[in-house]
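Predicted model only: the values in this text are computed from it and were never measured.
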Amino acid sequence: MKKTVKILLVTMALLFVLPVAVSAAAPYTTYTYSSTGFVLYSPDAYVPDQVVDAAYIGQDRNGNSVTIEDPRDLQVDEDGNVYIVDGKQNAIYVLDRYYKNKFTINSFVNEQGVPDTFSGVSGVYVTTDFIYACDSENSRIVIFDRDGNFVKTVGQPESSLIEEDAIYRPVAVAVDEYGRMFVVSSTTYEGIIVMGDNEEFYGYIGAQKVSLSPWQAFWRKLGINDDETIVSTEYNNITIDEDNFLYVTTSSIDASEQQNAITGKSTASAYAPVKKLNVSGTDIMRRNGFYPPSGEVKVSTDETSAIQGASVIIDAAVGPEGTWSIIDEKRSKVFTYDDDGNLLFAFGDSGNQTGSIASIEAVVYQGDKMLLLDKGNNSFTVYRRTEYGDILINALKNQNERNNAAEISDWQEILKRNNNFDVAYVGIAKALYQQGNYEDAMEYYQAAYDNAGYSDAYGEIRKEWISNFFLIIPVVVIVLAVLVVKFFGYAAKRNRMVALKVGQKNIREELLYAFHVIFHPFDGFWDLKHEKRGSVRSAFVILVVTVLAFFYQTVGTGYIFGGQDANTTNIIMTLLSVAVPLLLWVIANWCLTTLFDGEGSFADVFVASCYALVPLPLLIIPSTLLSNVLVAEEGTFISMINTVAFLWMGILLFFGMMITHDYSFGKSLIIGAVTIVGMLFIMFIAVLFSTLITRIVSFVLSIVNEIQYRV
């Protein structure tokens with residue numbers, strides 16, 4: 001017993017003496033999205049480190065305690081000093097890198113030597129020399145030096161482009177290396193105001209797309225303006241990177257249009273809540289990720305849900321190695337992207353736990369830390385970057401510096417921790433591509449479902465292949481062309497010989513006649529019916545070949561053009577997708593033409609319709625073969641071939657029905673349109689009937705179960 005007690009005492013002593021690492025799980029999950037919109041959870045890139053409030057900040061240099069009641073903006077300078085804007089206190093608190101108060105700017109003596117204060121101060125921006133404060137209610141920007149000494153005020157710029165009664169309310173400002181100020185005014189709809197520090201007006205940039213109703217668009221096309229004034233939406237925040245590119249955010253665009261752009265994977269900027277503008281106002285943001293960088297991808301539309309609809313983006317921050325982040329006011333979340341617009345990670349949640357944000361207001365980077373301003377708790381939370389985040393940033397650094405070997409190593413380390421991270425696969429693929437290892441690059445691009453990158457790598461392999469077989473390729477093309485010409489010549493010769501043949505034709509002769517029909521539809525369909533050059537059996541063979549052609553298109557299309565694995569494809573579904581529309585057409589057309597003096601029987605309609613399908617396998621099979629040797633930029637050829645196939649089939653079907661029923665051109669048009677309506681009606685009746693049968697069976701089963709229960 002004594003020995004046991006001694007061991008316990010020594011163990012307890014060691015626990016108190018030895019340092020113990022304490023870590024708490026973050027109160028949120030970090031995730032990205034797959035190409036199909038599934039949430040992919042990942043390790044935390046940032047975890048909460050501490051919460052900084054007024055009590056932690058302490059007193060200013062005059063011995064006054066800091067009070068934070070309405071935090072509106074947060075900034076960090078190159079030395080790590082932090083600047084907090086308080087709208088209610090009308091003050092800017094300047095903190096050191098450890099979040100202790102250095103001084104407070106809440107009053108100053110202006111140019112006229114008169115004591116002055118802020119009114120509704122909203123935003124702040126810091127350069128190497130100056131502090132720019134948006135004194136919103138006083139319609140001016142106040143400039144201080146880095147020690148907080150007043151320099152000058154800059155009022156509303158004057159220009160003939162600005163209306164005399166225009167209201168100027170600066171809420172955010174960014175300044176480039178040349179001293180130009182880019183001002184966001186909450187009451188300005190023409191875009192970002194560009195001005196100098198002497199109130200000279202340079203112009204507006206980045207005016208956003210105006211949303212017009214169909215009625216307004218109609219009148220504007222006629223050159224008539226309606227009574228309703230049309231204005232573009234305004235921005236709400238702005239920041240600038242080291243290359244003088246502006247990141248601007250807005251929360252006033254149509255939420256449904258914004259979400260439609262996300263689900264549609266649009267790369268346009270019309271309904272984007274964040275843009276990257278150059279100094280001329282052109283949006284140069286890369287939107288090459290699976291989804292455009294607009295915040296949450298999968299959103300709820302359920303009215304009972306606490307949070308619905310698209311993200312409300314209110315601020316952006318520029319991070320290391322081309323990364324940048326935006327915040328969603330609605331969900332209190334952070335979304336971080338790389339320079340290509342790939343989502344690197346998203347995290348955050350509403351709440352009052354350490355790491356959760358009650359009401360997010362601003363985001364800013366402080367070295368390897370991220371600071372989020374919490375308006376609900378009058379504080380900001382410091383998040384430190386994790387080992388996973390460090391490796392991620394280091395991988396991007398090596399990528400930017402073209403250090404391929406180190407980049408591949410970093411991305412592989414990322415995949416060890418998060419094997420669902422598609423950006424890592426793409427990163428490795430790009431590095432391998434730059435090294436000239438195109439085959440391995442293709443594998444990694446394929447793992448990330450990056451068709452464009454896969455196409456580029458394949459294009460390089462194809463160049464090498466073409467150079468090796470430069471003399472053989474034209475020979476093969478010529479041989480194939482000669483064979484095709486010879487075959488059509490043989491078919492034409494056989495068809496002329498069979499025309500003189502008396503009696504029933506064999507199936508080979510009937511099938512060869514299809515190549516006469518597709519080039520000579522008028523006499524072809526006439527002989528098909530009256531001279532019995534075709535039959536139901538040959539028509540059925542053509543249908544089977546067409547189904548097989550579509551099945552081959554499904555499983556044989558090249559990866560670049562969306563080819564599928566044969567294991568995921570069902571030939572029954574392919575059969576139904578071809579045979580059901582055909583049979584609906586035949587049934588509807590025969591039923592209608594029987595009532596409108598049509599001369600074709602059900603078999604005649606079926607045979608003519610099947611022979612009209614011949615261009616589909618004739619062109620779809622070659623286009624599928626081409627999809628395995630073409631790159632993405634050449635996909636137009638495949639689309640053109642497929643379009644020609646369907647147009648050719650449609651023309652043959654039209655003339656086939658016209659000749660089979662001996663209709664005029666106009667009557668054939670009307671019957672064709674009514675046939676399509678008839679197909680829809682038959683589908684409706686079939687669905688209604690199947691629903692009725694299902695309910696009857698369910699009712700009978702319920703009675704049987706009830707009888708069994710009673711017995």
Side-chain angles (χ1 to χ4, degrees), residues 32-36 38 40 42-43 286-291 321-323 337-345 387-470 472-473 555-568 624-635 638:
T32 59
Y33 278 100
S34 70
S35 61
T36 54
F38 286 103
L40 302 175
S42 72
R286 299 176 185 171
R287 297 178 173 86
N288 298 328
F290 293 141
Y291 295 91
E321 301 302 330
T323 62
Y337 304 87
D338 67 8
D339 195 42
D340 271 333
N342 296 298
L343 179 62
L344 299 177
F345 53 84
E387 180 193 26
Y388 175 81
D390 289 339
I391 299 173
L392 179 58
I393 295 301
N394 200 53
L396 293 172
K397 178 177 183 294
N398 288 318
Q399 183 182 80
N400 295 334
E401 296 175 355
R402 301 294 182 99
N403 189 353
N404 300 135
E407 177 190 354
I408 292 173
S409 177
D410 288 333
W411 287 126
Q412 288 174 340
E413 286 297 320
I414 289 289
L415 291 176
K416 290 177 183 178
R417 294 161 173 78
N418 181 14
N419 61 2
N420 289 323
F421 193 41
D422 292 321
V423 175
Y425 290 105
V426 174
I428 294 174
K430 287 181 177 179
L432 292 171
Y433 180 89
Q434 291 170 2
Q435 291 178 340
N437 191 348
Y438 303 120
E439 291 186 1
D440 289 343
M442 288 170 59
E443 292 182 8
Y444 279 98
Y445 276 128
Q446 187 171 1
Y449 303 98
D450 188 337
N451 286 20
Y454 183 95
S455 175
D456 292 337
Y458 171 72
E460 295 298 327
I461 293 176
R462 193 182 67 171
K463 286 179 184 178
E464 182 178 353
W465 186 82
I466 290 175
S467 64
N468 292 334
F469 300 96
F470 179 73
I472 298 177
I473 293 174
V555 300
T557 299
Y559 173 78
I560 295 173
F561 301 100
Q564 299 183 26
D565 188 343
N567 295 327
T568 63
T624 304
L625 290 170
L626 281 175
S627 71
N628 289 276
V629 296
L630 299 182
V631 295
E633 292 79 7
E634 299 162 348
I638 296 176

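For the atom pair CG (D422) and OG (S35), the distance works out to 6.5 Å, reported to the nearest 0.5 Å. One finds the CD atom of Q434 at 9.0 Å from the CD1 atom of I408 (value rounded to the nearest 0.5 Å). To the nearest 0.5 Å, atoms CD1 (I473) and CD1 (I466) are separated by 5.0 Å. If you take OG on S42 and CZ on F345, they are separated by 8.5 Å, rounding to the nearest 0.5 Å. One finds the CG atom of L344 at 6.0 Å from the CG atom of L396 (value rounded to the nearest 0.5 Å). For the atom pair NZ of K430 and CH2 of W411, the computed distance is 9.0 Å after rounding to the nearest 0.5 Å.
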Derivation and outcome, side-chain contact (heavy atoms from CB on, under 4.5 Å), residues E321 and N394
CA-CA 8 Å; E321 301 302 330; N394 200 53; over 6 Å; no

Between T32 and F421, is a side-chain contact (heavy atoms from CB on, under 4.5 Å) present by the stated rule, with each step listed?
CA-CA 8 Å; T32 59; F421 193 41; 3.9 Å; yes

Chi angles and distances behind the side-chain contact (heavy atoms from CB on, under 4.5 Å) call for T323, Y337:
CA-CA 6 Å; T323 62; Y337 304 87; over 6 Å; no

Show the numbers, then the answer: is there a side-chain contact (heavy atoms from CB on, under 4.5 Å) between E443 and E439?
CA-CA 7 Å; E443 292 182 8; E439 291 186 1; 5.9 Å; no

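Annotation: F290 is not in aromatic contact with Y33 [ring centroid separation under 6.0 Å not met]. A ring-centre distance under 6.0 Å is not found for Y425 and Y445.
More than 12 heavy atoms of other shown residues, nucleotides or ligands fall within 6.0 angstrom of atom CD in Q412. Heavy-atom contacts from other residues, nucleotides or ligands closer than 6.0 Å to OH of Y449 number 12 or fewer.
When all heavy atoms are compared, the tightest approach of A448 to V426 is CB-CG2, 3.5 Å. Closest heavy-atom contact between T557 and S627: CA-OG, 3.4 Å. Of all heavy-atom pairs between I638 and L630, the closest is CG1-CD1, 3.9 Å. Closest heavy-atom contact between Y458 and N628: OH-O, 3.1 Å. Summarising the geometry of N342 relative to N288, their closest heavy-atom pair is OD1-O, 3.9 Å, with the distance given to 0.1 Å. Shortest non-hydrogen contact noted between A431 and E407 is CB-OE1, 3.6 Å.
Y433 and D456 share no donor-acceptor pair across their side chains, judged by distance under 3.5 Å alone. When only modelled atom types and interatomic distance are considered, N398 and D410 share a side-chain donor-acceptor pair under 3.5 Å. Looking only at atom types and distance, the side chain of N404 has no donor-acceptor partner in the side chain of Q435 under 3.5 Å away.
Salt bridge status for E387 with R417: present, with a side-chain N to carboxylate O gap under 4.0 Å.
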